[in-house]
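Just so you know, residue 1 is the first one in the sequence shown, and it goes up from there. Start at 1 and go down the list; that is how both ligands and their atoms are numbered.
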Amino acid sequence: MLPSPLPPDFIPFNKPHLVGPELEYIRQAVAAGKLSGNGEFTQRCQQFFEQRYGIHKALLTTSGTDALEMAALLLDIKPGDEVIVPSYTFTSTANAFVLRGARIVFVDSGPEHPNLDVAQVAARITSRTRAIVPVHYGGQAADNFTELLALARQHHLWVVEDAAQAIEARYRGQALGTLGHLAAFSFHETKNVSAGEGGLLAINDPTLAARAEILWEKGTNRAAFFRGEAARYEWVDVGSSFLPSELNAAYLWAQLEAIDLIQQRRQQLWQTYATALAPLVTAGQVRVLPTQTDSAPNWHLFGMLCRHEAERDELLAYLRHRHILAVFHYLPLHRSPYYVSRHGNAEPLPHAERFGQTLVRLPLFQDLQPDQQQRVIDAINEFYTTR
Ligand SMILES: *Cc1c(COP(=O)(O)O)cnc(C)c1O
């Protein structure tokens with residue numbers, strides 16, 4: 001049975017946006033007679049990341065999840081290894097390492113922002129720790145990210161940035177996704193730049209680059225062979241099929257070409273919400289997720305914090321009643337059914353739990369019309385006049 005159609009005035013949380021040339025590029029990929037991975041469009045997308053952000057080597061993947069899984073494989077994460085992950089994140093950040101047998105050690109968010117609290121990381125490092133996986137929530141690096149990198153260096157730990165939401169964002173002038181040894185980007189439909197599903201692994205540590213390409217190509221030296229660097233094309237390592245089709249890459253390329261416009265529009269939408277909700281912030285009724293120190297954000301999401309969980313849930317229901325879909329975000333992973341079933345109840349991580357209870361994401365997408373955004377703002381204001 002098909003889902004019942006939404007009312008015509010319904011404002012979705014997100015809607016895919018066509019910048020223009022996507023279908024033409026897909027047509028070109030078909031005409032070129034090469035639809036499998038690592039063709040012309042894939043290479044253009046990868047070069048875009050390498051040149052624009054200064055990534056040593058970029059490999060397109062079928063999802064951000066896949067890029068994280070490839071990172072875990074590339075770092076030889078093994079059963080018994082420990083990986084430090086913020087609890088307030090998407091399942092893939094942890095799953096990628098759980099699939100290799102790692103034990104996930106969760107760390108709390110900071111008091112002001114869902115990003116991991118760098119000050120709490122040192123106490124969680126043991127002789128078994130192999131990697132730290134910071135998440136750039138909403139396209140912002142954690143405060144004191146430099147200290148996190150120094151800590152990792154001091155303990156010889158890998159840093160894998162979950163940069164799924166972080167395209168175009170910067171920390172102290174440096175692009176997010178270039179700070180760790182590896183970084184995973186996502187082009188899921190809900191991200192700033194999309195291919196429906198898609199991702200990219202950024203390899204910033206040159207010593208990992210050659211092997212990354214082999215894992216990416218199902219454990220073969222195919223890429224090197226086609227460049228004329230290997231005499232035979234053969235099975236040389238473990239690997240999987242991490243490459244997306246050229247159809248996806250063609251779609252993605254159109255979006256990457258338009259990135260400046262996409263970012264401008266998102267910033268406008270973000271600023272409009274921030275300005276319109278400022279009186280509620282002044283009145284102490286809501287808070288807006290702050291910009292982290294030293295971060296130049298990418299307007300990935302507009303995060304609003306309610307005073308408590310019941311009010312948040314009432315607000316979401318009120319908006320829904322007005323035909324507006326706003327959503328909450330992560331339920332902290334240390335309290336998830338999967339984690340609790342394996343490890344029992346973990347120690348409380350109060351900040352991550354509070355963000356799980358109070359955060360609201362408002363509709364923010366390219367084609368959100370001014371009258372629609374005004375309806376969202378009006379509905380929020382109406383909700384709070386009665387409180
Ligand atoms: C979207 C997202 C992912 C997963 O990316 P997919 O491309 O959907 O697999 C992982 N981590 C974070 C923080 C995300 O926002």
Side-chain angles (χ1 to χ4, degrees), residues 13-14 16 37 42 45 49 58-73 83-99 104 106-107 109-110 113-116 131-142 145 159-169 171 176-177 179-180 182-202 216 240-245 248-249 251-252 255-256 266 289 292 295 297-303 327-334 336 338 352 355-356 359 361 364-365:
F13 171 66
N14 180 65
T42 299
C45 294
F49 275 80
L59 294 173
L60 225 52
T61 58
T62 54
S63 65
T65 301
D66 234 10
L68 288 163
E69 288 180 19
M70 198 176 139
L73 199 58
V83 177
I84 296 175
V85 174
S87 177
Y88 193 82
T89 184
F90 189 58
T91 53
S92 299
T93 320
N95 261 334
F97 297 89
V98 169
L99 284 171
I104 303 298
F106 286 118
V107 59
S109 302
H113 195 281
N115 273 334
L116 62 73
I132 306 174
V133 190
V135 176
H136 302 309
Y137 185 77
Q140 297 194 43
F145 200 83
V159 176
V160 181
E161 300 171 72
D162 182 336
Q165 304 177 6
I167 190 169
E168 280 287 298
Y171 176 77
L176 300 191
L179 306 171
L182 297 169
F185 288 92
S186 166
F187 311 116
H188 182 262
E189 182 180 301
T190 52
K191 306 301 201 272
N192 290 23
V193 166
S194 161
E197 301 276 0
L200 181 139
L201 183 67
W216 186 61
S240 189
S241 185
F242 292 111
L243 301 77
S245 141
N248 287 55
Y251 190 103
L252 178 63
Q255 300 250 320
L256 290 174
R266 295 190 82 94
L289 269 196
Q292 296 276 87
S295 261
N298 65 353
W299 325 109
H300 172 60
L301 56 81
F302 190 90
V327 298
F328 62 86
H329 217 179
Y330 305 129
L331 297 168
L333 297 181
H334 72 288
S336 63
Y338 177 73
F355 287 115
L359 199 138
R361 297 176 67 188
L364 199 169
F365 53 88

For ligand 1, find out whether one of its N or O atoms is nearer than 3.5 Å to an N or O atom of [X].
X      : value
His188 : no
Ser92  : no
Gln165 : yes
Asp66  : no
Thr89  : no

Could you check [atom] against the protein and tell me its nearest heavy-atom contact, residue, atom and distance included?
atom                    : answer
atom 1 (C) of ligand 1  : Lys191 NZ, 1.8 Å
atom 5 (O) of ligand 1  : Ser186 OG, 3.3 Å
atom 11 (N) of ligand 1 : Asp162 OD2, 2.8 Å

Structural part of Tyr330 in contact with ligand 1, heavy atom criterion under 4.0 angstrom =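 It is the side chain that touches ligand 1; the backbone stays farther off.
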What do we get for Ser63 next to ligand 1 when only non-hydrogen atoms under 4.0 Å count, side chain, backbone, both or neither?
->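 The part of Ser63 near ligand 1 is both the backbone and the side chain.
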Expected output: side-chain [X] to main-chain [Y] donor-acceptor under 3.5 Å:
X      : Y      : value
Ser295 : Pro297 : no
Gln255 : Val193 : no
Ser186 : Ala164 : no
Asn248 : Glu197 : yes

What I want to check is whether the side chains of [X] and [Y] have a donor and an acceptor closer together than 3.5 Å.
X      : Y      : result
His329 : Tyr137 : yes
Glu161 : His136 : yes
Asn298 : Arg266 : no
Thr190 : His188 : yes

Enumerated ligand 1 atoms positioned under 4.0 Å from heavy atoms of [X]:
X      : value
Gly198 : 7 (O)
Thr65  : 4 (C), 5 (O), 6 (P), 9 (O)
Ala164 : 2 (C), 3 (C), 10 (C), 11 (N), 12 (C), 14 (C), 15 (O)
Val135 : 13 (C)

So, do Phe185 and Phe49 have ring centers that fall under 6.0 Å from each other?
->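 Yes, they do, as the ring centres are separated by less than 6.0 Å.
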Rounded to the nearest 0.5 Å, how far apart are CD of Gln140 and CZ of Phe145?
->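 CZ of Phe145 is found 13.0 Å from CD of Gln140.
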Is there a heavy atom of Ala67 sitting under 4.0 angstrom from any atom of ligand 1?
->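 Outside the 4.0 Å threshold, so no.
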